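One-based numbering along the sequence shown. Values below: every heavy atom of this structure, side chains too, minus hydrogens, waters and symmetry copies. Computed from a predicted model, the values in this text were never measured in an experiment.
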Amino acid sequence: MNDTVALEIVDKIFQSVFGCNNIFSLDVLLEKFAFDIKLPKKVIDSTTNEVTWADSIHNERFITNSNMEKRDQSVGWMLPKREIHTLEELISIWNTVNYTTTERVYDSLGVIKSDTIYRCVNVYQSSDCRDSKNIIYCDSCGDSEYLFASQRSGNCNYCIRTDDSRDCSNSYNVICSNKISHSFFIQDCSDLYECMFCSHISSKRFCIANMQFEEEEYYVIKKAIIEWIFTS
């Protein structure tokens with residue numbers, strides 16, 4: 001995984017969701033689509049001064065998971081027992097070994113700039129994700145593929161900004177919904193196909209703002225909405 005591969009993945013997602021290529025850089029994608037996603041932050045490994053990425057940045061001392069394991073296998077993490085006279089002295093001793101572990105990646109391939117990733121392939125700057133492939137700027141997602149700028153969702157494929165949702169595909173900006181396909185701007189809905197700007201409805205097709213449209217006029221409006229998303 002690298003920046004080029006990440007952009008290739010985003011391009012495939014854009015093709016599936018919007019029917020056109022991505023025109024934005026990774027920095028613009030982050031600002032435009034993933035601005036509110038909890039993502040790993042860049043920090044410095046306190047033992048090597050190398051750049052690393054962490055979910056939690058409350059501590060001021062960090063160590064990569066690989067460097068933590070190297071020390072564990074060489075000198076270990078136990079300290080010789082010594083007398084302790086004050087609480088300050090105890091805290092000072094603890095600080096010699098108290099590092100926040102970063103880039104915790106397990107049973108995964110092609111993962112960069114990420115932390116707490118389990119059984120994933122091709123992950124870019126994401127956190128707390130599992131059993132997924134080709135995910136960019138995601139938090140707390142699982143069992144998904146080609147997911148971008150999403151959080152707390154599962155079983156979603158080719159989606160952008162899917163939050164607290166499941167079983168969605170080829171959709172953009174879906175919140176707290178289930179079984180949404182080829183739809184934009186959906187909240188608290190289920191079983192929708194080709195709908196936009198809908199809330200609290202189920203089992204509908206070609207609806208816009210909870211109003212029923214004919215298929216032909218629906219696609220005319222959808223084209224205009226895609227142009228608005230790219231230029232707004």
Asker: Looking at residues at least two apart in the chain, or sitting in another chain, which of them share a side chain to side chain contact (heavy atoms under 4.5 Å, CB included) with E60?
Answerer: none
Asker: Between T52 and E103, does any side-chain donor sit less than 3.5 Å from a side-chain acceptor?
Answerer: yes
Asker: Tabulate below the donor-acceptor pairs under 3.5 Å that side-chain atoms of residues 134-143 make, not counting sequence neighbours, or state none.
Answerer:
from: N134; atom 1: OD1; to: N122; atom 2: ND2; distance (Å): 3.0
from: N134; atom 1: ND2; to: Y146; atom 2: OH; distance (Å): 3.3
from: Y137; atom 1: OH; to: L26; atom 2: O; distance (Å): 3.1
from: D139; atom 1: OD1; to: S127; atom 2: OG; distance (Å): 2.8
from: S140; atom 1: OG; to: D128; atom 2: OD2; distance (Å): 3.2

Asker: With clusters defined by side-chain heavy atoms of hydrophobic residues (ILVMFWY) lying less than 4.5 Å apart, directly or transitively, does M78 cluster with I63?
Answerer: no
Asker: With sequence neighbours left out, write down each residue that passes ring pair (Phe, Tyr, Trp, His ring centres under 6.0 Å) with F230, or none if nothing qualifies.
Answerer: F14, F18, F24
Asker: How would you list, by chain and number, every residue that makes a side chain to side chain contact (heavy atoms under 4.5 Å, CB included) with D11, sequence neighbours excluded?
Answerer: N21, N22
Asker: Please output the side-chain donor-acceptor pairs of residues 198-208 that fall under 3.5 Å, not counting sequence neighbours, one pair per line with the distance.
Answerer:
from: H200; atom 1: ND1; to: D188; atom 2: OD2; distance (Å): 2.7
from: S202; atom 1: OG; to: S190; atom 2: OG; distance (Å): 2.7
from: S203; atom 1: OG; to: D191; atom 2: OD2; distance (Å): 2.9

Asker: Once ring pair (Phe, Tyr, Trp, His ring centres under 6.0 Å) is applied, do any residues pair with F185, and if so which ones, sequence neighbours excluded?
Answerer: Y172, F197, W228
Asker: What are the two closest heavy atoms between T64 and T101, and how far apart are they?
Answerer: C-CG2, 4.3 Å
Asker: Identify each donor-acceptor pair in which a side-chain atom of residues 27-34 lies under 3.5 Å from a protein atom, sequence neighbours left out, and give them as a table.
Answerer:
from: K32; atom 1: NZ; to: I229; atom 2: O; distance (Å): 3.0
from: K32; atom 1: NZ; to: S232; atom 2: O; distance (Å): 2.8

Asker: Test of understanding: with salt bridge (Lys or Arg N to Asp or Glu O under 4.0 Å), list the residues that count as partners of E194, not counting sequence neighbours.
Answerer: K222
Asker: Name all residues meeting the ring pair (Phe, Tyr, Trp, His ring centres under 6.0 Å) criterion together with W94; count only those two or more places apart in sequence or in a different chain, and write none if there are none.
Answerer: none
Asker: Under the salt bridge (charged side-chain N to carboxylate O under 4.0 Å, His left out) definition, can you give me all pairs with a residue in residues 78-96, not counting sequence neighbours?
Answerer: none
Asker: Apply salt bridge (Lys or Arg N to Asp or Glu O under 4.0 Å) to R152 and list each qualifying residue two or more places apart in sequence or on a separate chain.
Answerer: D164
Asker: Excluding sequence neighbours, so at least two apart, what forms side chain to side chain contact (heavy atoms under 4.5 Å, CB included) with K133?
Answerer: V121, E145
